[in-house]
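Notes to accompany the following structure.
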Number of protein chains: 2
Amino acid sequence: MEQGLHPDLRIDQMPQTLREIVLGRMRTAIISGRFPSGARLVERTLCDQLGVSRSVVREVIRILEAEGLVESLPNRGPVVARLDWGQARQIYDIRLLLEGAAAAGCAAVADAGVKDRLAAAFAALEAAGGEDAVFEATTRFYEVIFRAAGHDIAWEIVQRLNGRISRLRALTLATVDRAVPGRVRMARIVAAIMANNAAAARQAVEDHLRDAAAIAQRMLEGE
Amino acid sequence: MEQGLHPDLRIDQMPQTLREIVLGRMRTAIISGRFPSGARLVERTLCDQLGVSRSVVREVIRILEAEGLVESLPNRGPVVARLDWGQARQIYDIRLLLEGAAAAGCAAVADAGVKDRLAAAFAALEAAGGEDAVFEATTRFYEVIFRAAGHDIAWEIVQRLNGRISRLRALTLATVDRAVPGRVRMARIVAAIMANNAAAARQAVEDHLRDAAAIAQRMLEGE
DNA sequence: GGTTGTATGATGGTATACCATAAGACAAGA
DNA sequence: TCTTGTCTTATGGTATACCATCATACAACC
């Protein structure tokens, strides 16, 4: 019996479980660098800091471990994952493939709706002030591209990889000494997609990423 | 003080933790299809079947969830992840990119040692009888390629993706009605790498994968 | 003095107990 | 008969208790 559901009465806010909350907190704590690379994650200490039991902390650590943000040394416990340039380079290479394909796919199928969303995301990016806001806006921008291309799984993978190089990304976003400013490169991506030019979109994304990777390398090897 | 370590006395067998054992068991149970797609994974039942406590089972489920093999429905608990063709197609597309790049990279840098290992892996593949053995040998074959190319992280990703389409892979491996038998395609890959021909290696891998994807699509939409 | 045995504390691994809630069954009333 | 309230049970969420092991320090013995 169809009884016309009233969307306004919907309960969207599922009662978030403690685990999800703690997962979010710890993830941002690691990504933001509050827990530095290599730092030990002592379970009982985290319990005290977070006010939850070890069950929750342990399950969250397992998730973060699977995400590559945490690694567990045998008989030593979990530590924040370390990142060397060899790994970072691989991650940038993979992003080059996945983001290039997404941009090309997006450009190939972009209709008016997609272009609207992309323009909005780009405007938000340009309006964003402050590191976190830029970070967030950049994520949204790429999400539009991946979703439009129908590459949801690739998007998941890229997000996870981005988590692992988050500190590098923050550094590259803040860097101003790049040959062509990031915003200009982003604008090229937008233009290519608006023109439904798949090859140009891929090229623009790849240029942007190679640029970012070069900066990241200087950062990582310079310290 | 250097005191010449005796490799023979090494203790390799790390005292595997219960969690790792259970993780392995459950992963293969899902991949092999013993837990069918969509089946509920009731924690206490699993505890009985495995003879471990819920702590262990829950942590393992978190890992499998992060791997994409399990999904947790809110207020319903974990179930074996479902797979539709839309997702499978995306996974094959990503594999196309990553495996193509790995094969090209491997061909570009392959020296005598790599070629030896590759030949050995291919021989093992041809000698393998039985579904599981073929599966295992195929994995080893690709591992040689990825490792030689230095694409460790991409290899992790591919392995994880393969877990999600394992049942499809089993079907395609068992299929004989492909235009060109799988072994022949594999031989092309080997030949291209032996000749250090990166473009040909990429092409061979891509052909092989497109073939497998086509078979998988027929399987998945046919049932 | 250096080596080795031992005690102690920190920490992860594991098991279990308890609680909140959702889903299904069933009875009572219209 | 259909609705509605309630009860029960299954199940996941959370906390805690206990155990095994590793690392460190220190003492004892050669």
Side-chain angles (χ1 to χ4, degrees), chain A residues 1-5 9-27 30 35 38-67 69-82, chain B residues 1-6 9-27 30 35 38-67 69-81:
Chain A
M1 190 181 303
E2 195 60 23
Q3 77 172 39
L5 48 148
L9 297 182
R10 253 193 115 69
I11 308 285
D12 296 323
Q13 190 194 2
M14 290 299 293
Q16 211 175 8
T17 84
L18 261 189
R19 182 179 57 243
E20 293 172 77
I21 298 171
V22 169
L23 175 60
R25 294 252 183 137
M26 287 196 56
R27 199 192 271 123
I30 293 175
F35 289 156
R40 293 190 61 182
L41 297 172
V42 179
E43 298 177 355
R44 286 175 172 84
T45 308
L46 292 172
C47 293
D48 293 344
Q49 292 176 346
L50 292 159
V52 298
S53 77
R54 279 183 70 205
S55 318
V56 178
V57 169
R58 283 180 63 89
E59 290 184 29
V60 167
I61 287 178
R62 292 299 156 267
I63 297 173
L64 294 172
E65 202 178 341
E67 289 182 1
L69 255 45
V70 164
E71 51 188 336
S72 276
L73 310 178
N75 297 324
R76 196 71 163 277
V79 300
V80 178
R82 268 178 270 265
Chain B
M1 188 180 302
E2 195 60 23
Q3 76 172 41
L5 47 149
H6 297 237
L9 296 182
R10 253 193 114 69
I11 308 285
D12 297 321
Q13 191 195 1
M14 290 294 295
Q16 211 175 8
T17 146
L18 259 190
R19 173 167 19 99
E20 294 172 77
I21 299 171
V22 169
L23 175 60
R25 294 253 184 139
M26 287 197 55
R27 200 192 271 125
I30 293 174
F35 290 157
R40 291 190 64 181
L41 297 172
V42 178
E43 298 176 355
R44 285 174 172 84
T45 307
L46 292 172
C47 294
D48 293 343
Q49 292 176 347
L50 292 159
V52 299
S53 77
R54 281 183 68 205
S55 318
V56 178
V57 169
R58 284 180 62 90
E59 290 183 30
V60 166
I61 287 178
R62 290 298 152 300
I63 298 172
L64 294 173
E65 202 178 340
E67 289 182 0
L69 255 43
V70 165
E71 50 189 337
S72 276
L73 310 179
N75 296 325
R76 198 74 161 279
V79 298
V80 177

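So you know, we letter chains A, B, ... as the sequences are listed, proteins then strands, and number each from 1. Every heavy atom of this structure was used, including side-chain atoms; hydrogens, water molecules and symmetry mates were not.
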- Message: On the nucleotide C/dG13, are OP1 or OP2 found under 4.0 Å from the side-chain N or O atoms that A/Arg58 carries?
- Response: yes

- Query: Who passes side chain to side chain donor-acceptor pair (under 3.5 Å) against A/Glu67, sequence neighbours left out?
  - Reply: A/Arg27

- Note on the structure: Residue set satisfying side chain to side chain contact (heavy atoms under 4.5 Å, CB included) with B/Val80, at least two apart, ordered chain then number -> B/Ile30, B/Phe35, B/Ala39, B/Leu41

- Query: OP1 or OP2 of C/dA23 less than 4.0 angstrom from a side-chain nitrogen or oxygen of B/Arg40, does that happen here?
  - Reply: no

- Note on the structure: What residues 46-55 of chain B contributes to the DNA chain C interface at heavy-atom separation below 4.0 Å is B/Val52, B/Ser53, B/Arg54, B/Ser55

Which side-chain N or O atoms in residues 51-58 of chain A pair as donor and acceptor under 3.5 Å with protein atoms at least two apart or in another chain?
| unit_1 | atom_1 | unit_2 | atom_2 | d |
| --- | --- | --- | --- | --- |
| A/Ser53 | OG | A/Ser55 | N | 3.4 |
| A/Arg54 | NE | A/Glu43 | OE1 | 3.1 |
| A/Arg54 | NH2 | A/Glu43 | OE1 | 2.7 |
| A/Arg58 | NE | B/Glu59 | OE2 | 2.7 |
| A/Arg58 | NH1 | A/Glu43 | OE1 | 3.3 |
| A/Arg58 | NH1 | A/Glu43 | OE2 | 2.9 |
| A/Arg58 | NH2 | B/Glu59 | OE1 | 3.4 |
| A/Arg58 | NH2 | B/Glu59 | OE2 | 3.4 |

- Nearest to side-chain heavy atoms of B/Val42, which nucleotide of D/dA15, D/dG12, C/dG13: D/dG12

- Note on the structure: Nearest-nucleotide check on DNA chain D, A/Arg19 vs A/Arg44; residue mapping nearer the 5' end is A/Arg19

- Indicate, with a heavy-atom threshold strictly under 4.0 Å, whether B/Leu41 touches base, sugar-phosphate, or nothing. sugar-phosphate

- Message: Nearest to the A/Thr17 side chain among D/dG12, D/dG13, C/dT14, which nucleotide is it?
- Response: D/dG13

- Query: How long is the gap from CD1 on A/Ile61 to CG on A/Leu23, to the nearest 0.5 Å?
  - Reply: 11.0 Å

- Query: Atom CG of B/Leu73 and atom P of C/dA23: how far apart are they, to the nearest Å?
  - Reply: 11 Å

- dist A/Glu20:CD -> B/Ser72:OG (nearest 0.5 Å) comes out at 9.5 Å

- Task: With side chain to side chain contact (heavy atoms under 4.5 Å, CB included) as the test, would you mind laying out the steps for B/Met26 and B/Leu46 before giving the verdict?
- Result: CA-CA 9 Å; B/Met26 287 197 55; B/Leu46 292 172; 3.9 Å; yes

